[in-house]
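Notes for the one structure printed next.
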Amino acid sequence: MNGILEIVNKLGPQRLVAMGAVTLALVGFFAFVMTKMSAPGMGVLFSDLPMADSNTIIRDLDAKGVKYELRQDGATILVPREQTTRLRMEFAGKGLPAGGNVGYEIFDKSDTFSATSFVQGINQLRALEGELSRTIKGLDRVQQARVHLAIPEKKLFDREKQEPRASIVLKVRGDLDAGQIRAIRHLVATAVQGLKPERVSIVDETGRLLADGAGNEADAAALAQDKQSGYERRLRGQVEEIVASIVGRGRARVQVAAEMDFNRVQQVTDNFDPESRVVRSTQTRTENQQSQEARDNQVSVAAELPGQTNNNQNAQQKDATQRNEEIVNYEISKTTRTEIIEAGRVKRLSVAVLVDGNYANGANGQPGYQPRTAEELERIAALVRSSIGFDRNRGDQVEVINLRFAEGVAPVEGKTPTMVEQLLALSKEDALRLVELTVFGILTLLVTLLVIRPLLRTMGIGGKDKKEVALAPPPLTGLSGVIAASGMGVGANGQPLALPAPGADGTPAAANSNQAMNANMIQHALQQGAIDHLGKIVQENPSESVAIVRQWIAQTR
């Protein structure tokens with residue numbers, strides 16, 4: 001107990017308070033780590049839930065007695081990781097989460113026999129809007145989606161036909177590019193009969209207009225610009241790939257400029273060939289006509305009596321007429337050609353290729369630059385012309401130039417992600433684990449420096465304690481005087497050194513050979529007396545003597 005109390009007294013109140021604080025912090029940290037390790041691992045059951053679905057799922061989890069955690073104001077629900085798959089299957093069987101939208105399941109619980117046609121139409125519209133919202137929500141970068149459809153009713157005897165329209169409100173993660181916006185518009189347009197993509201308007205959660213549904217010329221111009229940019233991007237990728245296989249990855253820069261015609265042209269051509277005649281129709285007509293004329297025009301009763309006809313036959317004259325008519329119709333050969341030229345024709349291409357030279361080690365071992373030959377540049381240009389479909393008649397141009405890049409050295413093949421990119425790529429679980437390990441390491445270092453190291457030094461196990469050496473009391477004046485009187489000096493390390501006693505004339509003993517023996521005897525006597533006096537002082541001042549000895553031991557280490 002005396003030794004422990006002595007150690008406590010030497011540590012002082014400041015060190016004791018610091019050691020106690022660090023010890024409590026360490027105990028709390030270990031308790032937190034043990035609690036986290038003993039608790040089951042939590043996994044995400046559902047995320048980005050609307051409030052209605054979240055409330056329904058929480059009530060079901062409470063009824064089953066499953067532990068859960070809520071994040072992001074109830075939008076994310078976490079459950080034990082080993083139960084996530086089973087719970088998702090169970091909730092999927094119940095139609096959860098519904099996503100806040102009603103789909104075609106609205107017809108499962110409705111009474112179709114008692115519902116009117118108006119109610120059926122409203123339910124069909126709600127179901128279509130809900131299904132479209134769910135489909136759009138499944139796309140990347142789309143967090144929430146709301147779809148409104150305006151489908152006009154079909155009326156009898158209505159000559160003017162109204163086109164359907166659609167409005168979409170999106171909550172996105174980041175920004176959507178033009179291609180993704182166009183894809184959403186076409187997705188909705190193809191799902192609704194009679195709806196055109198130009199009639200679909202899209203707005204994000206900040207009120208920013210992403211697509212105008214008025215069908216004006218601005219949409220057509222944006223579509224043409226996107227088509228031209230995509231065509232240039234595709235050609236640039238093809239050229240970069242084929243050039244990089246020759247000069248190396250990252251040693252070529254390619255730019256493509258495409259001049260395109262977005263006018264839609266329809267041409268109808270009729271060709272007549274008079275030399276080529278074809279019988280179209282033939283009409284033939286034949287007429288035969290016979291007539292009889294009587295010589296005696298007298299009519300009597302005797303002539304009309306039976307048996308009197310033979311008498312009148314000689315009195316008639318017969319006339320016969322025959323007529324033939326033929327009509328032949330000829331058709332001249334005719335060729336009709338209809339040609340439709342769609343928008344987006346390439347009128348002219350311009351390709352610029354910049355390649356770096358070769359780098360080789362010189363005589364001094366430093367990399368040197370060597371330009372490429374004209375033959376090599378011509379072969380690269382020939383490959384580029386073949387890859388883009390070069391057409392000299394329409395004015396295409398390809399330029400391949402060799403210049404030294406500004407870096408002056410060969411670029412690195414692959415890009416190594418920086419520390420910041422690696423930290424940003426960590427998941428939430430990895431980030432939490434990293435923070436726990438960092439806190440554990442800091443606490444361990446503090447305990448080692450503030451608790452373990454002072455205890456070891458106090459017990460004499462560790463190295464020298466600079467603070468203790470600096471606070472050690474100075475040597476006693478009497479002790480130093482005794483050492484000096486005995487002819488023993490103190491060296492640089494604090495240890496006593498034996499010095500030759502001076503002679504009577506002040507000269508060293510080594511200079512006077514006649515007095516060497518007497519000097520040795522006198523020095524021995526003085527040393528013996530000093531030792532006795534030193535022992536007496538040590539007995540009278542034990543604590544100061546121990547401090548001086550400790551100082552000597554610390555200096556010799």
Side-chain angles (χ1 to χ4, degrees), residues 25-109 126-127 129-147 169-174 176 180 184 204-205 421-443:
L26 187 61
V27 171
F29 174 73
F30 277 110
F32 172 75
V33 171
M34 293 177 64
T35 304
K36 293 288 291 183
M37 294 297 292
S38 59
M42 307 297 287
V44 178
L45 179 62
F46 296 111
S47 61
D48 300 331
L49 290 173
M51 196 60 64
D53 290 345
S54 179
N55 187 21
T56 305
I57 293 173
I58 288 174
R59 288 203 307 267
D60 200 342
L61 292 177
D62 290 334
K64 295 180 180 179
V66 179
K67 295 182 180 180
Y68 61 88
E69 295 181 5
L70 300 179
R71 303 282 177 82
Q72 300 178 357
D73 297 333
T76 302
I77 301 178
L78 284 77
V79 296
R81 187 171 285 107
E82 62 273 6
Q83 301 182 14
T84 54
T85 304
R86 180 178 59 84
L87 291 175
R88 286 176 184 173
M89 295 176 65
E90 293 181 0
F91 285 119
K94 299 179 181 179
L96 292 174
N101 301 314
V102 180
Y104 285 114
E105 66 273 5
I106 190 174
F107 296 102
D108 297 338
K109 301 179 181 179
R126 291 179 59 192
E129 291 178 349
E131 293 295 334
L132 288 175
S133 299
R134 293 177 183 177
T135 305
I136 296 174
K137 184 181 176 182
L139 301 177
D140 190 16
R141 294 187 182 181
V142 178
Q143 186 175 358
Q144 293 290 341
R146 188 74 181 270
V147 179
V169 180
L170 299 178
K171 184 178 181 182
V172 298
R173 305 181 185 93
L176 298 177
Q180 292 173 332
I184 294 175
D204 63 359
E205 72 276 9
E421 294 177 351
Q422 293 179 358
L423 292 177
L424 293 177
L426 294 177
S427 60
K428 295 181 179 180
E429 291 77 10
D430 296 337
L432 182 60
R433 181 63 177 172
L434 183 61
V435 171
E436 292 178 356
L437 292 177
T438 303
V439 174
F440 179 75
I442 293 174
L443 291 178

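For this chain, numbers begin at 1 and follow the sequence in order.
- The minimum heavy-atom distance linking L78 with R71 is given by the pair CD1-CG, 3.5 Å.
- For R59, there are no salt bridge (charged side-chain N to carboxylate O under 4.0 Å, His left out) partners at least two apart in sequence or on another chain.
- Annotation: side-chain contact (heavy atoms from CB on, under 4.5 Å) contacts of T85 (sequence neighbours excluded): M89.
- Annotation: side chain of F91 is in contact with side chain of L61 (closest heavy-atom distance under 4.5 Å).
- In terms of the side-chain hydrogen bond (donor to acceptor under 3.5 Å, both in side chains) criterion, Q180 has no residue partners (sequence neighbours excluded).
- The closest side-chain heavy-atom distance from L170 to I184 is below 4.5 Å.
- By the side-chain contact (heavy atoms from CB on, under 4.5 Å) test, I58 is found to be paired with S54, D62, Y68, L70, I77, residues two or more places apart in sequence or in another chain being considered.
- Residues V44 and T84 approach most closely at O-CG2, 4.3 Å, considering heavy atoms.
- Residues passing the salt bridge (charged side-chain N to carboxylate O under 4.0 Å, His left out) test with E90 are K64, R86, sequence neighbours excluded.
- In this structure a side-chain-to-backbone donor-acceptor pair under 3.5 Å is missing from R146 to S133.
- When all heavy atoms of V66 and Q83 are compared, the closest pair comes out as CG1-OE1, 3.4 Å.
- When all heavy atoms are compared, the tightest approach of E205 to V172 is OE1-N, 3.4 Å.
- Residues forming a side-chain hydrogen bond (donor to acceptor under 3.5 Å, both in side chains) with D60 (at least two apart in sequence, or on another chain): K94.
- Electrostatic pairing of R134 and E131 counts as a salt bridge here, judged by a charged N lying under 4.0 Å from a carboxylate O.
- Smallest separation of non-hydrogen atoms from R141 and L176: CB-CD2, 4.0 Å.
- Taken to the nearest 0.5 Å, the CD atom of E82 stands 10.0 Å off from the CG atom of L87.
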